[in-house]
Engineer: 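Before anything else, here's the structure in question.
Nothing here was measured: the structure is a model prediction, and the numbers come from that model.
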Amino acid sequence: MTTKPLIVVKCGGNPAVNAADICADIARLVHEDHSILLVHGGSGEIARLSGRLGVPQRTLVAPDGVSTRHTDPETLEVVVLALAGAVKPKLVAELSRHQVRAVGLTGMDGGMLRARRKSAVRAVVGGRTVLIRDNHSGRIAQVDTELPRTLLRAGFVPVISPPAVDEQGHPVNVDADRAAAALAAALGADQLLLLTGAPGVLADPGDPTSVQAAVRISPTGAPDPSATGGMALKLIAAREALDGGVATVRIADGRTSEPVRRALAGAGTTVHLSAAESPNHSSGREEVRV
């Protein structure tokens with residue numbers, strides 16, 4: 001635990017997400033003596049940079065319908081360049097502009113996020129389930145909290161993104177929402193806010209006004225079939241955070257003004273587990289259930 005209640009904010013990589021307003025909002029909260037950790041993705045920048053470098057992008061759709069980025073070796077290079085070389089410096093600079101001391105990190109720094117690389121992933125291609133073996137992605141297995149705790153206690157805002165480090169010490173792509181969930185659980189955060197390019201979890205994906213104020217998700221299995229693509233992964237991340245002891249998880253709109261304050265006030269969708277789970281808090285190096 002930090003000395004103050006901790007809020008973990010995930011800034012989505014959708015180009016529509018208002019990163020500048022998120023940073024300004026975080027700055028106001030920090031100056032009001034809140035403790036904040038910022039996690040970010042960068043899907044828009046990854047797509048832009050992939051196009052410039054001529055690296056094809058491919059999406060893998062698992063048999064349960066959850067889609068993820070296919071991270072072959074060339075795409076992994078693009079992911080690292082986009083997140084650590086473009087998105088993160090902009091966020092750190094924006095926070096610094098608001099007199100917030102921010103430190104940019106990846107999950108590899110200090111061995112903070114350790115992942116098990118998937119030797120093969122199942123994906124549906126042409127109606128058939130096949131194994132993809134060149135995918136350099138992984139699932140977070142362990143969080144070392146020493147570095148972020150030290151920074152938080154000193155009054156810094158850690159700004160964290162993938163990649164993580166695998167068993168052989170190599171970079172491996174991990175989902176940024178699930179990284180935020182793992183960090184929130186390991187650090188004993190009070191709240192996790194997943195700010196995205198949607199107003200929340202929609203009852204009808206085609207109707208942006210059908211925001212659900214609250215949803216319940218099963219402790220196991222695939223999320224609600226109405227949630228597809230990135231939203232399905234956000235619900236999985238929310239479940240992992242709740243299972244790890246985070247009291248409140250919200251999926252909210254990152255495109256509005258004051259997006260963090262709005263989410264803290266209850267905007268978007270609050271996610272609950274459909275059955276009570278015991279918290280999983282401790283200190284130092286944490287094992288993350290996957």
Engineer: Looking only at heavy atoms, which two atoms of Pro163 and Val80 are closest? And how far apart?
Structural biologist: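 It is CG-CG2, 4.0 Å.
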Engineer: Check whether any side-chain heavy atom of Asp109 sits under 4.5 Å from a side-chain heavy atom of Leu147, and report yes or no.
Structural biologist: yes
Engineer: How long is the gap from CD on Gln191 to CG on Leu264, to the nearest 0.5 Å?
Structural biologist: 5.0 Å
Engineer: So Arg178 and Ile236, side-chain contact (heavy atoms from CB on, under 4.5 Å) or not? Walk me through it.
Structural biologist: CA-CA 8 Å; Arg178 297 178 80 175; Ile236 290 171; 3.8 Å; yes
Engineer: Mind jotting down which residue pairs meet the salt bridge (charged side-chain N to carboxylate O under 4.0 Å, His left out) criterion with at least one end in residues 71-86? Sequence neighbours excluded, please.
Structural biologist: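 Non-adjacent pairs meeting salt bridge (charged side-chain N to carboxylate O under 4.0 Å, His left out): zero.
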Engineer: For the residue pair Ser35 and Leu152, what are the closest heavy atoms and their distance?
Structural biologist: OG-CD2, 3.6 Å
Engineer: Could you grab the distance from atom CG of Asp175 to atom OG of Ser137, nearest 0.5 Å is fine?
Structural biologist: 10.0 Å
Engineer: Taking the side chain as every heavy atom from C-beta outward, state whether Ile132 and Leu60 have any pair of such atoms under 4.5 Å apart.
Structural biologist: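 Touching, per the 4.5 Å side-chain cut-off.
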Engineer: Should Pro219 and Asp243 count as side-chain neighbours, where that means a heavy-atom distance under 4.5 Å?
Structural biologist: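 They are not in contact (no side-chain heavy atoms under 4.5 Å apart), so the answer is no.
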Engineer: When you group the ILVMFWY residues by side-chain heavy-atom contacts below 4.5 Å and let the links chain together, are Met112 and Val157 in the same group?
Structural biologist: no
Engineer: Taking Asp166 for the side chain and Ala115 for the main chain, is one N or O donor matched with an acceptor at less than 3.5 Å?
Structural biologist: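 Between the backbone of Ala115 and the side chain of Asp166 there is no qualifying donor-acceptor contact (under 3.5 Å).
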Engineer: Any ion pair linking Glu45 and Arg48 (charged N to carboxylate O, less than 4.0 Å)?
Structural biologist: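 Counted as a salt bridge, because a side-chain N and a carboxylate O are separated by less than 4.0 Å.
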Engineer: Between Cys11 and Leu195, is the side-chain contact (heavy atoms from CB on, under 4.5 Å) condition met? List the steps.
Structural biologist: CA-CA 5 Å; Cys11 176; Leu195 302 180; 5.8 Å; no
Engineer: What residues, two or more places apart in sequence or in another chain, satisfy side chain to side chain contact (heavy atoms under 4.5 Å, CB included) together with Arg261?
Structural biologist: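 Side chain to side chain contact (heavy atoms under 4.5 Å, CB included) list for Arg261, sorted by chain: Asp25, Arg28, Leu29, Glu32, Glu258.
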Engineer: Which atoms form the tightest heavy-atom contact between Met108 and Ala164, and what is the distance?
Structural biologist: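 Scanning both residues, the minimum pair turns out to be CG-O, 3.4 Å.
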Engineer: Go through the steps for His40 and Lys88 under the test side chain to side chain donor-acceptor pair (under 3.5 Å), then give the verdict.
Structural biologist: CA-CA 8 Å; His40 71 88; Lys88 193 184 312 298; 2.9 Å; yes
Engineer: Give me the atom names and distance for the closest heavy-atom approach of Leu192 to Ala241.
Structural biologist: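 Looks like CD2-CB, 3.7 Å.
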Engineer: Please determine whether a side-chain nitrogen of the Lys or Arg among Glu167 and Arg116 lies less than 4.0 Å from a carboxylate oxygen of the Asp or Glu.
Structural biologist: no
Engineer: Quick one: closest heavy-atom pair of Asn135 and Thr71, and the distance?
Structural biologist: OD1-N, 2.6 Å
Engineer: Testing the 3.5 Å rule here: is there a donor-acceptor pair between the side chains of His70 and Asp134?
Structural biologist: yes
Engineer: Is there a path of hydrophobic side-chain contacts, each under 4.5 Å between heavy atoms of I/L/V/M/F/W/Y residues, joining Leu151 to Ile36?
Structural biologist: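 No, separate clusters.
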Engineer: Please tell me whether Leu113 and Val79 are part of a single hydrophobic cluster in this structure, the criterion being side-chain heavy atoms less than 4.5 Å apart.
Structural biologist: no
Engineer: Can you tell me if Arg122 has over 12 outside heavy atoms packed within less than 6.0 Å of its CZ?
Structural biologist: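 Not buried by this count: 12 neighbours or fewer within 6.0 Å.
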Engineer: Between Val172 and Val165, which heavy-atom pair has the shortest distance, and what is it?
Structural biologist: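 In terms of heavy atoms, the two residues are closest at CG1-C, 4.1 Å.
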Engineer: Going through the distances and angles, do Ile217 and Ser274 end up as a side-chain contact (heavy atoms from CB on, under 4.5 Å)?
Structural biologist: CA-CA 5 Å; Ile217 184 169; Ser274 59; over 6 Å; no
Engineer: Which residues pass the side chain to side chain contact (heavy atoms under 4.5 Å, CB included) test with Arg133, not counting sequence neighbours?
Structural biologist: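 Scan of Arg133 (side chain to side chain contact (heavy atoms under 4.5 Å, CB included), adjacent residues dropped) gives Ala120, Leu131.
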Engineer: Can you sort out the partners of Val78 under side chain to side chain contact (heavy atoms under 4.5 Å, CB included), two or more places apart, ordered by chain and number?
Structural biologist: Ile46, Leu49, Ser50, Leu53, Val55
Engineer: Between Arg69 and Gln57 (side chain of the first, backbone of the second, donor and acceptor by atom type, cut-off under 3.5 Å), is there such a pair?
Structural biologist: no
Engineer: Between Lys4 and Asp33, is there a salt bridge with N-O shorter than 4.0 Å?
Structural biologist: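 A salt bridge is present here (some side-chain N lies under 4.0 Å from a carboxylate O).
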Engineer: Report yes if some heavy atom in the side chain of Ile22 is under 4.5 Å from a heavy atom in the side chain of Val17; otherwise report no.
Structural biologist: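 In contact.
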Engineer: Are Val9 and Leu37 packed together at the side-chain level, in the sense that at least one heavy-atom pair is separated by less than 4.5 angstrom?
Structural biologist: no
Engineer: Would Arg149 and Glu146 count as a salt bridge (Lys or Arg N to Asp or Glu O under 4.0 Å) here? Give the steps.
Structural biologist: CA-CA 5 Å; Arg149 284 184 195 277; Glu146 182 179 0; over 6 Å; no
Engineer: Quick one, Leu235 and Val215 - any side-chain contact, counting heavy atoms below 4.5 Å?
Structural biologist: yes
Engineer: Run the side chain to side chain contact (heavy atoms under 4.5 Å, CB included) test against Ala213 and tell me which residues pass, sequence neighbours left out.
Structural biologist: none
Engineer: Could you list the donor-acceptor pairs under 3.5 angstrom formed by side chains in residues 245-252, with sequence neighbours left out?
Structural biologist:
residue, atom, partner, partner atom, Å
Arg250, NE, Thr270, OG1, 3.0
Arg250, NH1, Ala263, O, 3.1

Engineer: Cluster question for you: counting only ILVMFWY and a side-chain heavy-atom cut-off of under 4.5 Å, with indirect links fine, are Leu105 and Val39 together?
Structural biologist: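 Yes.
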Engineer: As an exercise, state the distance from CG of Asn173 to CZ of Arg117, rounded to the nearest 0.5 Å.
Structural biologist: 11.5 Å
Engineer: Honestly curious: do Ile26 and Val103 fall in one hydrophobic cluster under the side-chain, below-4.5 Å linking rule?
Structural biologist: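 As far as the 4.5 Å side-chain criterion goes, Val103 and Ile26 are not connected within one cluster.
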Engineer: Can you check whether Ser257's main-chain N or O pairs, donor with acceptor, with Arg262's side chain at less than 3.5 Å?
Structural biologist: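 Such a contact is found between Arg262 side chain and Ser257 backbone.
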Engineer: Could you measure the distance from the CZ atom of Arg52 to the CG atom of Leu81? Nearest 0.5 Å is fine.
Structural biologist: 10.5 Å
Engineer: Are side-chain heavy atoms of Arg216 and Leu273 found at a separation under 4.5 Å?
Structural biologist: no
Engineer: When you compare the side chain of Val100 with that of His31, does any pair of heavy atoms fall below 4.5 Å?
Structural biologist: yes
Engineer: With side-chain contact (heavy atoms from CB on, under 4.5 Å) as the criterion, how do Leu183 and Thr145 come out once you've worked through the C-alpha distance, each side chain's angles and the decisive distance to 0.1 Å?
Structural biologist: CA-CA 8 Å; Leu183 283 160; Thr145 62; over 6 Å; no
Engineer: Nearest 0.5 Å, what's the CD-OG1 distance between Gln212 and Thr269?
Structural biologist: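 One gets 6.5 Å once the value is rounded to the nearest 0.5 Å.
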